[in-house]
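Throughout, protein chains are lettered first and strands after them, A, B, ... in sequence-line order, and every chain is numbered starting at 1. Note that this is a predicted model, so its numbers are computed, not measured.
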Amino acid sequence: MIKKSKLRGEFFMQGDIACAEGAIAAGCRFFGGYPITPASEIAERMAYRLPLVDGAFIQYEDEIASMAGIIGASWAGAKPMTATSGPGISLMNENIGLGMMMETPCVVINVQRGSPSTGLPTSWGQADMMQARWGSHGDYGSISLSPNSPQEFFDLTIVAFNYAEKYRLPVFVVTDAVVGHMTEKVVIPPVEELDIIDRKYTNKKPADYRPYDPDDDLIPPFAKAGDGYRYHSTGLTHDERGYPVMSEECQRRCAKRLVDKIKKNADDIIITEEHDIEDADVVVVSYGISSRTVIPAMEKAKEKGVKVGFLRLVTVWPFPEKQIRELSKQIKGFVVVELNLGQVVLEVERCAAKHAETKLVGHPGGGMHKMDDIVNAILEVANEQ
Amino acid sequence: MSNKKQHILEHPMDDLLRMDRIPHIWCPGCGLGSDVAAFADGLKRAEVDFDKVAVVSGIGCTGRVAGYIKLDSYHTTHGRAIPFATGLKLANRDLTVVVFSGDGDLFAIGGNHLIHAARRNLDINVICVNNFIYGMTGGQNAPTTPLGAYSSTAPFGNYEAPFNLVGITAAAGANYVARWTTVQARRLSQSIATAAKKKGFCFIEVVSPCATVFARKNKGGTGLDLMKEFRNRTVIDHKADPTQIPLTMDDEIVCGEFVNREDPTFWENVQNGIKDQVEKNADWEKIQSEKNKRLYKKTLKYEGSRDIG
Ligand SMILES: Cc1ncc(C[n+]2csc(CCOP(=O)(O)OP(=O)(O)O)c2C)c(N)n1
Ligand code: SF4
Ligand SMILES: [Mg+2]
């Protein structure tokens with residue numbers, strides 16, 4: 001039924017548009033959203049594209065509705081997406097929790113702007129990283145991917161859909177106004193050549209089906225509305241039948257699996273990119289747009305004789321704890337470069353605590369790091385006794 | 001086992017209820033049990049395919065309805081049943097989607113979603129149980145609490161003017177608007193059947209007794225006493241202007257089918273709007289791809305490290 005996308009080739013394309021095209025290629029056929037700079041172009045592109053591929057687009061009355069709407073669409077079997085910026089994510093967090101609890105595949109794009117509050121609407125930042133991880137109340141595992149170019153915005157939107165479908169949860173692509181609004185070369189491969197994962201549907205008969213009975217991978221097979229399963233799903237703590245059960249025992253089972261299904265599959269989810277870390281003394285950790293300032297800074301530090309490597313987090317959540325822990329035993333210290341006043345650095349610090357130093361090169365957003373600030377931080381860590 | 005005995009053991013609603021969840025959580029004398037019975041009866045009258053009916057609730061005593069109905073059913077967040085149902089419906093247009101929720105859920109925290117869904121004339125049905133109060137949380141003021149009524153957050157009597165639910169919904173653009181009380185079970189179920197088959201946004205207000213918190217704080221009686229009172233105060237007038245029939249503590253409860261129109265739905269308008277576009281743009285992707293012929297080099301895959309150049 002889903003018409004595959006035929007768009008392919010080499011384009012000069014804006015990041016937000018690339019994201020929308022990635023979604024179309026991944027099979028997204030429902031978009032619910034509310035306009036906000038710097039993410040509106042995604043909605044605009046989806047409004048144009050979806051009707052042409054037998055999908056549905058709706059501009060909701062707010063972001064609360066948008067998030068609730070994509071969860072509803074997912075239960076009807078669609079691969080749904082919404083896109084917003086920080087203020088919108090703040091409103092979505094209520095239903096992001098519902099999506100986590102109901103285990104609903106969907107994709108949430110956050111094109112970050114300067115913050116807090118209305119902040120810098122037309123400018124950028126990376127200060128929603130912890131919000132992406134802990135935004136809704138309660139314990140749950142979550143996934144955030146952070147592209148640093150329009151091409152990667154396209155690629156990672158597809159990966160986000162794959163993870164959402166595979167692990168049954170809302171998956172975030174957390175980028176920023178620079179990536180969203182910059183125009184670069186974007187290569188769109190034929191959709192047949194992309195790895196597209198669809199959710200696992202149950203093969204049980206309705207009488208035997210229990211909607212929250214997980215397989216060995218901790219993921220329960222899905223049944224969509226209208227297929228005769230007549231199941232129940234709720235945001236309340238529930239048992240395998242999906243029925244509310246207000247007991248400590250059920251709470252443990254229910255909440256713990258939401259955390260464990262991501263924790264135990266972390267190796268499969270985590271994507272990082274390593275540069276020269278084999279014999280490094282200092283490793284720079286960065287992600288998204290800040291990672292593009294790191295490369296020239298690294299070169300400059302190398303000229304000054306420092307053995308410096310670079311670990312780029314393509315997946316920010318779940319955090320690559322294992323990798324940082326192992327690296328911390330081999331190096332002097334980490335330099336964390338991010339466009340906020342200290343968020344992901346806390347995770348690096350936590351994992352490196354016993355073995356290596358961690359230094360933040362923060363920035364409140366609205367501009368970029370000065371290359372020298374990064375170089376100096378690298379030198380400081382390298383020269384520390 | 002004789003046929004007769006089987007009839008006693010099986011209630012006619014059994015196939016639409018989750019019998020494994022009975023006893024339910026509602027108080028003795030609450031109107032919700034009868035409202036659900038009217039809903040099940042209405043669906044049967046409509047002769048719809050039950051496998052294609054989905055029920056969505058928000059949070060509250062009424063919000064628990066989704067959990068007791070043996071259909072695809074979703075118990076969502078407070079106030080958000082309508083946008084959830086909208087996604088469900090737009091992603092599978094074959095479904096009959098019914099939102100079953102409370103007055104506070106649909107008109108306080110969810111009020112914005114309700115008026116916009118009515119404005120869009122989305123093809124969903126909304127059954128709103130109006131018990132004049134927040135039942136679940138212990139009897140606080142609702143946007144429907146009549147002037148002067150007592151609630152746990154209006155210890156001196158409510159001083160806020162309430163919403164007239166049928167008036168708002170009719171004004172916002174719904175195709176079908178009706179009001180009944182729990183007492184008119186047969187008319188209510190007929191309305192539910194009508195809505196199940198009707199296109200566009202259908203809204204049914206059910207004035208329903210909250211035996212515990214509303215009755216206790218106000219009339220001092222039981223759920224049954226409230227039912228009797230509703231019956232005595234009810235006047236059926238299909239021609240009434242829905243904007244002119246607010247509910248008060250003592251006046252008539254005007255019931256009826258106030259709006260029944262055939263305006264095009266959201267989805268019909270979408271289809272109408274893109275009709276020519278689809279033709280014109282059928283080859284959009286191909287044309288774009290032709291323009292950008294210098295094709296891809298390789299499929300980009302994430303297998304650990306990549307060159308970021
Ligand atoms: C975001 C949020 N705020 C508050 C609550 C608490 N709460 C639960 S039910 C309810 C009121 C329900 O009233 P109504 O919709 O009239 O349903 P009733 O219980 O009367 O059927 C409230 C305020 C909640 N669950 N979620
Ligand atoms: S509190 Fe009121 S509305 Fe809730 S179950 Fe009891 S009687 Fe019904
Ligand atoms: Mg109520």
**Asked** Do Arg18(B) and Tyr243(A) meet the cation-pi criteria used here (NZ or CZ under 6.0 Å from the six-membered ring centre, within 45° of the axis)?
**Response** no
Is [X] in contact with chain B via its backbone, its side chain, both, or neither, using a 4.5 Å heavy-atom distance?
X	value
Phe31(A)	neither
Glu192(A)	neither
Arg49(A)	side chain
Ile71(A)	both
Phe11(A)	both

At a heavy-atom distance under 4.5 Å, which candidate from [options] has the highest pair count against chain B?
options	result
Ser233(A), Ala78(A), Gly235(A)	Ser233(A)
Tyr231(A), Tyr229(A), Phe57(A), Trp75(A)	Tyr231(A)
Glu61(A), Met102(A), Glu94(A)	Glu61(A)
Pro244(A), Ser149(A), Pro80(A)	Pro244(A)

**Asked** Val53(B), Ile59(B), Leu90(B): which one forms the most heavy-atom pairs within less than 4.5 Å of chain A?
**Response** Leu90(B)
**Fill in**
Heaviest contributor of heavy-atom pairs below 4.5 Å to chain A, chosen from His78(B), Arg64(B), His75(B), Lys70(B), is His75(B)
**Request:** For the pair Ser289(B) (side chain) and Arg8(A) (backbone), establish whether a donor and an acceptor sit closer than 3.5 Å, ignoring hydrogens and angles.
**Result:** yes
**Asked** Checking Ala85(B) against chain A: side chain, backbone, both or neither under 4.5 Å from a heavy atom?
**Response** neither
**Side chain / backbone / both / neither for Ile274(B) at chain A, heavy atoms under 4.5 Å** = side chain
**Item:** side chain to side chain contact (heavy atoms under 4.5 Å, CB included) between Thr234(A) and Tyr74(B), worked out
**Value:** CA-CA 6 Å; Thr234(A) 175; Tyr74(B) 307 92; over 6 Å; no
**Message:** For residues 264-273 of chain B, give me every residue with a non-hydrogen atom less than 4.5 Å from any non-hydrogen atom of chain A.
**Reply:** Phe266(B), Trp267(B)
**Asked** With the threshold set at 4.0 Å, does a side-chain nitrogen-carboxylate oxygen contact exist between Lys224(A) and Asp94(B)?
**Response** no
**Item:** Pair listing, side chain to side chain donor-acceptor pair (under 3.5 Å) test, anchored in residues 49-62 of chain B, at least two apart
**Value:** Arg230(A)-Asp51(B)
Taking the side chain as everything from C-beta on, heavy atoms only, tell me whether [X] gets closer than 4.5 Å to [Y].
X	Y	result
Val53(A)	Glu285(B)	yes
Ile58(A)	Arg120(B)	yes
Phe12(A)	Asn292(B)	no
Arg241(A)	Asp20(B)	yes
Asp62(A)	His116(B)	no

**Asked** Does atom OH of Tyr34(A) have more than 12 heavy-atom neighbours from other groups under 6.0 Å away?
**Response** no
**Request:** Mark yes when over 12 heavy atoms from residues, nucleotides or ligands other than Lys44(B) sit less than 6.0 Å from its NZ; otherwise mark no.
**Result:** yes
**Prompt:** Looking at CG of Asn112(B) and OH of Tyr60(A), how far apart are the two atoms once the value is rounded to the nearest 0.5 Å?
**Reply:** 12.5 Å
**Complete:** Rounded to the nearest 0.5 angstrom, the CD-CD1 distance for Gln288(B) and Ile188(A) is 9.5 Å
**Fill in**
Heavy-atom closest pair (Leu88(B) atom, Gly72(A) atom, distance to 0.1 Å) is CD1-O, 3.2 Å
**Request:** Please report the shortest heavy-atom distance between Asp72(B) and Ala225(A), naming the atom on each side.
**Result:** OD2-CA, 3.2 Å
